[in-house]
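Just the heavy atoms: all of them, side chains too, but no hydrogens, waters or symmetry mates, feed the values below.
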Amino acid sequence: MFEKSGIKNIDMPDNIEEICDCAFMDCTNLEYINLNKVKKIGNAAFKNCINIKSIEFPTNLNHIGSEAFDNCINLSSVVDKSNISIIYP
């Protein structure tokens with residue numbers, strides 16, 4: 001999908017409910033994510049997105065895949081409004 005692209009901002013449309021595995025992996029310029037109505041974040045979806053600083057999980061999010069935010073070394077703020085039932089290490 002957008003893997004290794006130069007994308008800097010993501011504002012998910014309301015009709016997107018799932019982010020696929022590895023969808024934004026290695027997007028090292030990515031700084032901002034608005035998940036809106038996403039229910040599922042796939043495995044390694046944002047892996048190695050080293051410039052993400054904060055994220056807010058929406059209330060309808062219920063699944064975060066394995067290594068979804070692995071090596072997001074600047075991620076320092078997480079606001080969790082979700083009802084997560086499955087989180088993988």
Side-chain angles (χ1 to χ4, degrees):
M1 296 200 57
F2 293 94
E3 185 178 351
K4 296 184 181 181
S5 75
I7 193 168
K8 290 185 80 170
N9 300 306
I10 299 171
D11 193 4
M12 289 291 173
D14 287 344
N15 64 335
I16 302 294
E17 295 184 348
E18 181 176 344
I19 298 173
C20 299
D21 295 350
C22 304
F24 297 97
M25 187 167 80
D26 295 321
C27 289
T28 57
N29 293 324
L30 184 60
E31 296 176 1
Y32 172 80
I33 307 166
N34 181 350
L35 295 173
N36 283 325
K37 298 192 178 186
V38 170
K39 293 181 179 180
K40 179 181 178 184
I41 298 174
N43 299 332
F46 296 99
K47 184 175 184 173
N48 299 324
C49 292
I50 59 173
N51 282 307
I52 297 174
K53 293 176 182 62
S54 66
I55 190 163
E56 181 175 318
F57 295 143
T59 55
N60 49 332
L61 182 69
N62 60 30
H63 178 98
I64 298 177
S66 176
E67 299 182 354
F69 294 94
D70 188 44
N71 201 35
C72 292
I73 58 175
N74 288 306
L75 182 59
S76 59
S77 173
V78 176
V79 176
D80 186 7
K81 296 180 178 179
S82 71
N83 296 306
I84 298 196
S85 59
I86 299 174
I87 300 177
Y88 293 96

Task: Side-chain touch M12/K37, heavy atoms, less than 4.5 angstrom - done: no
TODO: Answer yes or no: does atom NZ of K53 have more than 12 heavy-atom neighbours from other residues, nucleotides or ligands under 6.0 Å?
DONE: yes
Open item on the list: Restricting to non-hydrogen atoms, name the atom on I50 and the atom on N74 that form the minimum distance, rounded to 0.1 Å.
Closed with: O-ND2, 2.7 Å
Open item on the list: I want to check something: taking the side chain as every heavy atom from C-beta on, are F24 and I52 in contact at a cut-off of under 4.5 Å?
Closed with: no
Task: side-chain contact (heavy atoms from CB on, under 4.5 Å) against D26, all qualifying residues, sequence neighbours excluded - done: E3, K4, N48
Task: Interatomic distance, L30 atom CG to N51 atom CG [nearest 0.5 angstrom] - done: 8.5 Å
Open item on the list: Would you compute the distance between atom CE of M25 and atom SG of C20 and round it to the nearest 0.5 angstrom?
Closed with: 13.5 Å
Task: same_hphob_cluster(V78, F46) at 4.5 Å side-chain heavy-atom cutoff - done: yes
Task: Shortest non-hydrogen contact from C72 toward C49 - done: SG-O, 3.7 Å
TODO: Group every Ile, Leu, Val, Met, Phe, Trp and Tyr by side-chain heavy-atom contacts under 4.5 Å, then state whether L61 and Y32 land in the same group.
DONE: no
- [ ] Any chance you could measure H63, atom NE2, to K39, atom NZ, to the nearest 0.5 Å?
- [x] 14.0 Å
Open item on the list: So, taking the atom named NZ in K47 and the one named CG in D21, what distance separates them when rounded to the nearest 0.5 Å?
Closed with: 11.5 Å
- [ ] Establish whether V38 and I7 are linked, either directly or via other cluster members, by ILVMFWY side-chain heavy-atom contacts under 4.5 Å.
- [x] yes
Open item on the list: Looking at N43 and G65, would you say the former's side chain and the latter's main chain have a donor-acceptor pair under 3.5 Å?
Closed with: no
TODO: Quick one: sort the F69 and F57 rings into parallel, tilted or perpendicular, breaks at 30° and 60°.
DONE: tilted
Task: Within-4.5 Å side-chain heavy-atom neighbours: N36 and I16 - done: no
Task: Inter-residue atom distance E56.CD - S82.OG, 0.5 Å rounding - done: 10.5 Å
TODO: Please name the pair of heavy atoms, one in G42 and one in A68, separated by the smallest distance, quoted to 0.1 Å.
DONE: O-CB, 3.8 Å
Task: Nearest-0.5 Å distance, CG of residue L75 to CD1 of residue I33 - done: 8.0 Å
